[in-house]
Amino acid sequence: MSAVPARSTATRQRLLEAAGEVFAEDGFRKATIQRICGRAHANIAAAHYHFGDKERLYTAVIEYSDRLATEPLPAPVTAGRPEERLRKHLVSFLSRLLDRGRPAWHGRLMAREMMEPTAALDRLVRTKIRANHEHLAAIVRELLGPDAGEDTVRRCVLSIVGQCMFYRHSAPVIARLYPDLVPAEEIERIADHVTRFSVAAIRGLRARARKVGGSP
C-alpha cells in the first residue's frame with residue numbers, strides 16, 4: 001500500500017529538482033512542461049497531477065528552494081545597542097544569502113526572477129523581503145535619530161542590503177579577483193565590515209545634518 005505514495009513522492013521531488021534547473025536555464029516564460037518532464041523522467045500527467053500548471057510549479061520551486069535554506073529568516077532583534085542589532089541581523093541575512101545548502105540552480109533562478117519578474121516575486125516581497133527591509137529600517141532610524149526623513153532611511157537600508165547582495169550576485173567576479181576570499185566562509189567578517197562601514201556612514205549623515213541644522 002505504501003509503494004504507490006512513495007513513488008508519487010519521489011516523482012514530485014524529481015519534478016521539483018528538474019523544474020528548478022530548467023527554469024534557471026530558460027526562464028519561466030521559455031521553460032516548458034515537456035522539457036521539465038523529460039529531465040525528470042516523468043510524464044506530463046504527473047506534472048499536472050502534482051502541480052496543476054506551469055505557474056503553480058514555478059511557485060512550488062521557489063518555495064522548495066526557500067525551505068532548503070539552513071538559516072532561518074532573521075527575526076527582529078530588539079535588545080541591545082543598534083550597532084550590535086544591525087550586526088546580528090546581517091550575520092543571519094548573509095548566512096541565508098550565501099547558504100550552500102540550497103540547490104546550485106537557486107542563485108541562477110533568482111537572478112532570472114529579478115530580470116524577468118513574475119508573480120512569484122510579488123509573493124517573495126510580500127512574505128519575506130519586505131519584512132527584512134522593515135527590520136533594517138527600524139535599526140537605521142534609531143541610528144539616524146528621531147528627525148530622520150523616510151527617504152534617507154530607505155536609501156540607507158538599500159545601501160546596506162546592496163553591500164550584502166554583492167557577495168551573492170558577484171561571486172564569480174570575487175572568485176577571480178580574490179581567489180582566497182570565499183564569502184560563505186567569512187560571513188562573520190563580512191557582517192562586521194558592513195556594520196562598521198554602514199554605521200560610520202549613517203553617523204556621518206547625522207553629524208552633517210546637525211551641522212547644517214536640518215534632518216538627515
Side-chain angles (χ1 to χ4, degrees), residues 7-74 92-134 136 154 157-177 181-184 187 190:
R7 285 201 301 271
S8 180
T9 300
T11 299
R12 187 179 191 279
Q13 182 68 22
R14 290 202 312 275
L15 284 165
L16 280 173
E17 292 284 351
E21 294 171 359
V22 172
F23 283 133
E25 292 168 7
D26 300 344
F28 171 74
R29 291 168 181 81
K30 291 183 179 179
T32 65
I33 293 291
Q34 289 87 345
R35 180 157 142 74
I36 292 168
C37 289
R39 185 168 296 193
H41 303 292
N43 57 49
I44 293 176
H48 288 304
Y49 170 76
H50 286 290
F51 303 103
D53 57 26
K54 187 171 80 167
E55 183 174 352
R56 279 180 279 186
L57 173 56
Y58 185 76
T59 299
V61 166
I62 296 290
E63 293 173 349
Y64 167 64
S65 177
D66 190 63
R67 287 197 303 272
L68 290 178
T70 57
E71 180 71 20
L73 277 171
S92 185
F93 179 52
L94 284 162
S95 296
R96 187 177 178 83
L97 195 65
L98 303 175
D99 182 15
R100 288 175 166 176
R102 290 188 178 182
W105 46 258
H106 173 81
R108 299 195 307 274
L109 179 63
M110 293 312 300
R112 276 195 171 275
E113 182 63 29
M114 296 302 169
M115 292 186 294
E116 304 170 3
T118 69
L121 184 59
D122 295 327
R123 283 188 289 272
L124 279 174
V125 170
R126 186 171 60 250
T127 62
K128 303 286 176 66
I129 298 174
R130 187 177 299 282
N132 183 55
H133 278 243
E134 289 175 352
L136 278 174
R154 184 184 303 121
V157 168
L158 293 174
S159 292
I160 293 169
V161 172
Q163 291 178 74
C164 297
M165 296 298 289
F166 177 82
Y167 288 94
R168 179 65 185 86
H169 294 314
S170 297
V173 175
I174 293 173
R176 287 161 175 77
L177 285 173
L181 172 56
V182 182
I187 287 171
I190 293 171

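None of these values were measured; they are calculated from a predicted model.
Shortest non-hydrogen contact noted between R56 and G52 is NH2-CA, 3.9 Å. Shown here for L94 and C164, the closest heavy-atom pair between the two residues is CD2-CB, 3.7 Å. Between W105 and A24, the shortest heavy-atom distance links the atoms O-CB, 3.7 Å. The two atoms that bring F28 and E55 nearest to each other are CE1-CA, 3.8 Å, heavy atoms only. Of all the heavy atoms in A46 and T11, the pair that sits closest is CB-CG2, 4.0 Å. The shortest non-hydrogen separation linking V61 to G20 is CG1-CA, 3.7 Å.
Residues passing the side chain to side chain contact (heavy atoms under 4.5 Å, CB included) test with D26 are V22, K30, A31, R35, sequence neighbours excluded.
Atom CD1 of I187 and atom OH of Y167 lie 11.5 Å apart (nearest 0.5 Å). Atom CG of L109 sits about 11.0 Å away from atom CD of E25, to the nearest 0.5 Å. Separation of atoms CZ (R154) and OG (S159) is listed at 12.5 Å; rounding is to 0.5 Å. In this structure, CD on E21 lies 7.5 Å from CZ on R108, to the nearest 0.5 angstrom. From I36, atom CD1 reaches atom CG of L57 across 5.0 Å, with rounding to the nearest 0.5 Å. Taken to the nearest 0.5 Å, the CZ atom of R96 stands 5.5 Å off from the NZ atom of K128.
Checked options D99, L97, I174; the residue passing with R168 is L97 (criterion: side chain to side chain contact (heavy atoms under 4.5 Å, CB included)).
More than 12 heavy-atom neighbours from other residues, nucleotides or ligands sit within 6.0 angstrom of CZ on R123. The number of heavy atoms from other shown groups lying within 6.0 Å of CZ (R29) is above 12.
Here the side chains of C37 and L15 are in contact, with some heavy-atom distance below 4.5 Å. Between M114 and L121 there is a side-chain heavy-atom pair separated by less than 4.5 Å. Within the 4.5 Å cutoff, side-chain heavy atoms of L158 are placed close to those of H133. Counting only heavy atoms from C-beta outward, the side chains of I62 and F23 never approach each other to under 4.5 Å.
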#### Entry: From CA spacing to verdict: side-chain contact (heavy atoms from CB on, under 4.5 Å), L16, F51
CA-CA 10 Å; L16 280 173; F51 303 103; 3.9 Å; yes
### Task
In sequence, state the C-alpha distance, the side-chain angles, and the governing distance for H106 and Y64, and then conclude on side-chain contact (heavy atoms from CB on, under 4.5 Å).
CA-CA 10 Å; H106 173 81; Y64 167 64; over 6 Å; no
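Counting only residues at least two apart or on different chains, the side-chain hydrogen bond (donor to acceptor under 3.5 Å, both in side chains) pairs with a member in residues 112-121 are Y58-E113, E113-T118.
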